[in-house]
Amino acid sequence: MATVHKINEDLVKERQKCTFNVQELTYLLDGGEEVTKERREFENILRNVKELQDEVPEVYLSHKERYENAVRKTCILQNVRNDFEKKREVLSPRNIFRAGYAVIKDVSPFFLHNGMFVPTIIGQGTPEQQAEWLPKAKAMAIIGTYAQTELGHGTFIRGLETTATYDAKTEEFILNSPKVTSYKWWPGGLGTTVNHCITVAQLYINGKKYGIHPFIVQIRDLETHKPLPGIKVGEIGPKMGFATANNGFLGFQNFRIPRKNMLMKNAQVLKDGTFVKGMNEKLTYGTMVMVRVNIVSDSAFHTAMAATIAVRYAAVRHQSQLKAKEPEVQIIDYLTQQHKLFIAIATSHAFSNTYTWLYQAYLKVVEDLGKQKQDHLPELHALSCCLKATSSRDAGVIVEQCRLACGGHGYMASSNLPIIYGYTTAAITYEGEHTVLLLQTARYLMKAWMSALEGKVLAPSVAYLVDWLKSDKQRWQNTPEVIVKGFQHVAAGKIKDAFDAIQKHVKAGKDYEDAWNLASVQLIKASEAHSRAILCDGYLRETVRTSSSVSPSLAKVLNHLVQLYIVYWTLETAGDLLVYSNIGKDDIAVLKEKYEELLALIRPNAVGLVDAFDISDEILQSTLGSYDGRVYERLMEEAMKSPLNKEPVNQSFHKYLKPFIKKAKL
Ligand SMILES: CCCCCCCCCCCCCCC/C=C/C(=O)SCCNC(=O)CCNC(=O)[C@H](O)C(C)(C)COP(=O)(O)OP(=O)(O)OC[C@H]1O[C@@H](n2cnc3c(N)ncnc32)[C@H](O)[C@@H]1OP(=O)(O)O
Ligand SMILES: Cc1cc2nc3c(=O)[nH]c(=O)nc-3n(C[C@H](O)[C@H](O)[C@H](O)COP(=O)(O)OP(=O)(O)OC[C@H]3O[C@@H](n4cnc5c(N)ncnc54)[C@H](O)[C@@H]3O)c2cc1C
C-alpha cells in the first residue's frame with residue numbers, strides 16, 4: 001500500500017482560509033458533477049494499474065526506450081479505456097485528454113489518431129466511407145495520423161507538392177512525392193507507429209490540377225508493420241518537446257490507392273474521372289477549424305497545470321524576510337509573486353469560458369453545413385484563428401512565467417514545467433502558425449470594416465465596429481463592462497488604422513497584395529486587439545451567466561477573477577487605451593490600486609482555486625506542485641533516482657578523471 005504522507009502545514013492553513021466550496025468550482029469547470037465523477041473514476045482506475053508505473057523516470061531513458069515505453073503504456077491506456085466504456089457511457093474527449101497526461105509523460109504517439117485522423121473521417125468522409133473506416137479506426141484496428149505538412153510547405157497548403165493523379169482505367173489514384181520538399185514532414189505517430197494516414201495531396205485528372213484533397217492511405221502492412229512498396233517513411237528525430245509524439249516523414253513513389261479512398265463528403269471524383277465540386281472548397285480545411293477550437297481548451301488546461309504547480313510551490317516555499325527579525329515569508333506573500341501567478345489562474349478561466357461558447361458556435365456551424373448553409377463559417381474561421389493564436393501564445397507565456405516564479409527548482413525536469421512548456425509552446429506553431437492565423441482573422445476584419453462603412457449588418461463578433469462608427473466614445477468608467485467597450489474601441493481603432501494604411505499604399509500605386517504586406521504589422525496588431533476584446537467580453541458574459549446559478553461565495557470569487565483578468569489587460573495595454581478610448585491617466589491610477597486590491601482579495605483563495613482545477617498528482621507529475629506539498633522531500637527522492645546516484649564511484653573516474661588528475665599533479 002502506498003505510504004500516506006502528512007500534508008505540508010502551509011498548505012493546510014491555505015486550504016482553511018479558502019472562502020468558497022472547492023468542489024463546487026471543480027464541477028463548474030468540468031461541466032457538471034457527473035463529468036467530474038466520471039473523470040475521477042477513470043483516473044482512479046488508471047492510478048491502480050501497476051504496469052503504468054514507471055520503474056525508471058522517463059527522462060533517464062534513451063530516445064528509443066522512451067518511445068517504446070510510450071507505445072506500451074498507450075496500449076494499456078486504450079485497453080483500460082475500452083473496458084471502462086464497455087460498462088458505462090463513452091468517456092468525454094476532455095476527460096481522456098486529461099487522463100493521457102497521467103500515463104504518457106509527454107505527448108502520446110497515438111495523439112493524432114483520435115485528435116485528427118478519426119475527426120477527418122467523420123468530417124470529410126461520405127456516410128459509406130464512414131461506415132467502412134470509422135468502426136476500424138474507433139476500435140483502433142487501424143491506427144492513423146494526419147499527414148498534410150511537407151518539408152517545403154506547412155502554412156501555404158495550396159502549395160503542397162504531393163500529387164494524387166487519377167487513373168480512370170484502374171479507378172485508382174497514383175500518389176507521388178516528386179521532390180525532397182514534397183515529403184510529408186511532422187505528422188505525429190507517422191514515424192514508426194501508424195499504419196494509415198490521411199494524406200493531403202494535389203489532385204490531378206487528365207493533366208488538370210483540382211487543388212488539395214484528403215485521401216486515406218494505408219502505409220504499412222497490418223501484419224508485419226513494414227512500409228508497403230512505394231512508401232518511404234521514418235521518424236524526423238529529436239525536437240524541442242514532443243519527445244514521444246513520434247513525428248515522421250513520408251514519401252510516395254507511384255503508390256496506388258483505390259478511388260474510394262479519396263474522402264468525398266465535399267468534392268468527388270466519379271469513376272470516369274469527372275470532378276464534382278463541393279459547396280465550398282475551404283471545407284477541406286474543416287479538421288483544422290475543429291482542432292483550433294480545441295486548442296483553446298488545451299491552452300486552458302496547460303495554463304491550469306502550470307498555475308497549480310507554481311501556486312502550491314509559492315505557498316510552501318519560504319524565502320527572505322519582509323521585515324527584519326520576522327520569519328522568512330511564504331513567497332506567495334510577495335505582491336510581485338501574486339502578480340505573476342494570479343493572472344495564470346484567471347487566464348485558465350478566461351480560456352475555459354471562451355471555449356464553452358466557441359465550441360457551441362462550432363457545433364452550430366457543423367449543423368448548418370449539414371443543411372447546406374454556410375453563412376456563419378467565415379466568422380467561425382476568423383474566431384477560431386485568432387483565439388487559437390492568442391490562447392496558445394498566452395499559455396506559452398504563462399507557463400514560462402510560472403516556471404520562472406519557481407526560481408531554480410522550476411528549471412528541474414522533475415518540476416514538470418519544462419515538459420509542459422515544450423508541448424504548450426508547440427501549439428503556437430502547429431495547426432496554423434501564430435502570425436499566419438492572426439492575418440487570416442485580419443482578412444476577415446478588413447472585410448467587416450468595409451461592410452461597417454457601407455452600413456451593413458455585421459456578424460455578432462464584429463458588431464462593435466458599427467457601434468463604434470455610430471456613437472461617440474462612451475464616457476469612461478472603471479467598470480468591467482465599460483472597460484470591455486474600451487477594448488472594443490482599441491480593436492476598432494486599430495482595424496480602421498490598418499485599413500487606412502492599406503488604402504494609403506494602394507492610392508500610392510501599390511498592388512493590393514503589396515499594400516497588405518506593408519500594412520501587415522498593423523494588421524496583426526488589429527487582430528490581437530480583436531482577440532483580446534473577444535476574450536474579455538466572452539469571459540465577462542459567461543461569468544455573469546454562471547454567477548446566477550452558483551453559490552454567492554463562489555460567484556464572488558469568479559467575479560474577482562474576471563475583474564483581475566480585465567484590469568490586468570487594461571494595465572498591460574494602457575498605451576493603446578489612451579490612444580483609442582476615453583480612459584484618462586487618473587482612471588489608470590485608480591485601476592492600479594484596484595489591481596492591487598484584487599490581488600489581496602484573491603490571495604486567501606489562491607490554493608483553493610488551483611485545487612479546484614482538480615489535477616491529480618499523477619497528471620501533474622511535479623515535485624513542486626503535488627497536493628501534499630512535500631516539495632523538498634520529493635526533489636530529493638527524484639534526485640536519488642538518477643542513475644548517477646546508483647553507484648558510489650562512476651566508472652568515468654577510473655577511465656578519465658583519475659589519469660587526468662594524476663597528469664595535472666605532475
Ligand atoms: C473537447 C476538448 C478537448 C479535446 C481533447 C482532444 C485534444 C485534441 C488535440 C488535437 C490534436 C492536436 C494536433 C497537434 C498536431 C498538429 C497538427 C497540425 O499542425 S496539422 C497541419 C495544420 N496546418 C495548418 O494549420 C496550415 C495552416 N494554413 C492554412 O490553414 C491555410 O493555408 C491558410 C488559411 C493560411 C491559407 O489558405 P488559402 O487556401 O491560401 O486561403 P486564402 O488565404 O487564400 O483564403 C481564401 C479564403 O478561404 C478562407 N478560409 C481559409 N481557411 C479557411 C477555413 N479553415 N475555413 C473556412 N474558410 C477558410 C479565408 O478566410 C478566405 O476567405 P475570403 O472570403 O476569400 O477572405
Ligand atoms: C510539434 C508539431 C507537431 C506538428 N504536427 C503536425 C501533424 O501532425 N500533421 C501535419 O500535417 N503537420 C504538423 N505540424 C506542422 C505544422 O502544422 C506547421 O509547422 C505549421 O502549420 C507552420 O507551418 P511551417 O512550418 O511551414 O511554417 P512557415 O510558414 O514556414 O513559417 C515560418 C515563418 O514564416 C512566416 N510566414 C509564413 N507565411 C506567411 C504569410 N503568409 N504571411 C506572413 N508571415 C508568414 C511565419 O509567420 C513564420 O514566422 C506540426 C508542427 C509541430 C511544430
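These figures come from a predicted structure and were not determined experimentally. When a ligand or atom number is given, it counts from 1 through the structure's own listing order. Computation of the quantities below employed the complete heavy-atom set of this structure, encompassing side-chain atoms and omitting hydrogens, waters and symmetry-equivalent molecules.
- Annotation: atom 42 (N) of ligand 2 to nearest protein heavy atom, Leu439 CD1, 3.6 Å.
- Of the polar atoms of Glu433, at least one N or O is found under 3.5 Å from an N or O of ligand 2, judged by distance alone.
- Neither the backbone nor the side chain of His153 comes within 4.0 Å of ligand 1, counting heavy atoms alone.
- Nearest-residue assignment for atom 61 (O) of ligand 1 (options Lys388, His381, Gln374; heavy-atom criterion): His381.
- Inclusion of Gly188 in the set of residues having an N or O under 3.5 Å from an N or O of ligand 2 is warranted.
- Ligand 1 places these atoms under 4.0 Å from at least one heavy atom of Tyr355: 1 (C), 2 (C).
- Below 3.5 Å of separation, one finds an N or O of Tyr146 facing an N or O of ligand 2.
- At least one N or O atom of Gly154, backbone or side chain, sits closer than 3.5 Å to an N or O atom of ligand 2.
- Checked by atom type, the side-chain pair Thr193/Tyr67 shows a donor-acceptor distance below 3.5 Å.
- Heavy-atom proximity to Val436, at under 4.0 Å, picks out these atoms of ligand 1: 35 (C).
- Within the 6.0 Å centre-distance limit, the rings of Phe613 and His349 are counted as a close aromatic pair.
- Closest protein heavy atom to atom 41 (N) of ligand 2: Val436 CG2, 4.7 Å.
- For ligand 2 and Gly432, the ligand atoms under 4.0 Å from any heavy atom of the residue are 21 (O).
- Remark: among candidates Gln440, Arg292, Lys282, the nearest residue to atom 30 (O) of ligand 1 is Arg292, based on non-hydrogen atoms.
- Which parts of ligand 1 touch Gln148 is read off a 4.0 Å heavy-atom cut-off, strictly below it: atoms 21 (C), 22 (C), 23 (N), 24 (C), 26 (C).
- Numbered from 1 in the order shown, with element, the atoms of ligand 1 that lie under 4.0 Å from a heavy atom of Arg158 read 38 (P), 39 (O), 40 (O), 44 (O).
- Closest to atom 19 (O) of ligand 2 among all protein heavy atoms lies Thr429 CG2, 4.0 Å.
- Atoms of ligand 1 lying under 4.0 Å from any heavy atom of Val289, numbered from 1 in the order shown and given with element: 55 (N), 56 (N).
- Both the backbone and the side chain of Ile157 come within contact range of ligand 1, each with a heavy atom under 4.0 Å.
- Here Met116 has side-chain heavy atoms under 4.0 Å from ligand 1, and that is the only part of it that gets that close.
- A centroid separation of less than 6.0 Å is found between the aromatic rings of Phe242 and Tyr430.
- Using modelled atom types, one finds a donor on one side chain and an acceptor on the other under 3.5 Å when comparing Glu379 with Ser461.
- Closest protein heavy atom to atom 5 (N) of ligand 2: Trp186 O, 3.6 Å.
- Heavy-atom proximity to Thr155, at under 4.0 Å, picks out these atoms of ligand 1: 27 (C), 28 (N), 29 (C), 31 (C), 32 (O).
- Residue contacts with ligand 1, taken as heavy atom pairs separated by less than 4.0 Å, involve Glu431 via backbone and side-chain atoms alike.
- At a 4.0 Å heavy-atom cut-off, ligand 1 touches Tyr430 through backbone and side chain alike.
- Of all the heavy atoms of Tyr359, none lies under 4.0 Å from any atom of ligand 1, so neither backbone nor side chain is involved.
- The protein heavy atom nearest to atom 12 (N) of ligand 2 is Thr149 OG1, 2.7 Å.
- At a 3.5 angstrom cut-off on N or O pairs, Lys447 counts as close to ligand 1.
- The side-chain heavy atoms of Asp30 and Arg98, taken from C-beta on, include a pair separated by under 4.5 Å.
- Of all atoms in ligand 2, numbered sequentially from 1 with element shown, those under 4.0 Å from a heavy atom of Glu431 are 17 (O).
- Not a single N or O atom of Tyr430, backbone or side chain, sits closer than 3.5 Å to an N or O atom of ligand 2.
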- Start with the C-alpha gap between Gln124 and Asn266, add the side-chain angles, then the distance that decides, and say whether side chain to side chain donor-acceptor pair (under 3.5 Å) holds. CA-CA 7 Å; Gln124 311 281 322; Asn266 300 316; 3.1 Å; yes

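- Remark: ligand 2 atoms within the under-4.0 Å shell around heavy atoms of Leu112 are 8 (O).
- Heavy-atom contacts of Gly154 reach the following atoms of ligand 1: 26 (C) (cutoff under 4.0 Å).
- Of the polar atoms of Gln148, at least one N or O is found under 3.5 Å from an N or O of ligand 2, judged by distance alone.
- In terms of polar-atom proximity, defined here as any N/O pair under 3.5 Å, Asp298 makes no such contact with ligand 1.
- With hydrogens and angles left out, the side-chain atoms of Thr347 and Asp394 include no donor and acceptor closer than 3.5 Å.
- Remark: minimum distance from atom 28 (P) of ligand 2 to any protein heavy atom is reached at Thr155 OG1, 3.7 Å.
- In the vicinity of Thr435, heavy-atom distances shorter than 4.0 Å reach the ligand 2 atoms 47 (O).
- In this structure, Tyr423 has its ring center at least 6.0 angstrom away from the ring center of Phe111.
- For Trp186, no heavy-atom contact with ligand 1 is shorter than 4.0 Å.
- Of all the listed residues (Tyr285, Phe301, Phe156), Tyr285 holds the heavy atom that lies closest to atom 37 (O) of ligand 1.
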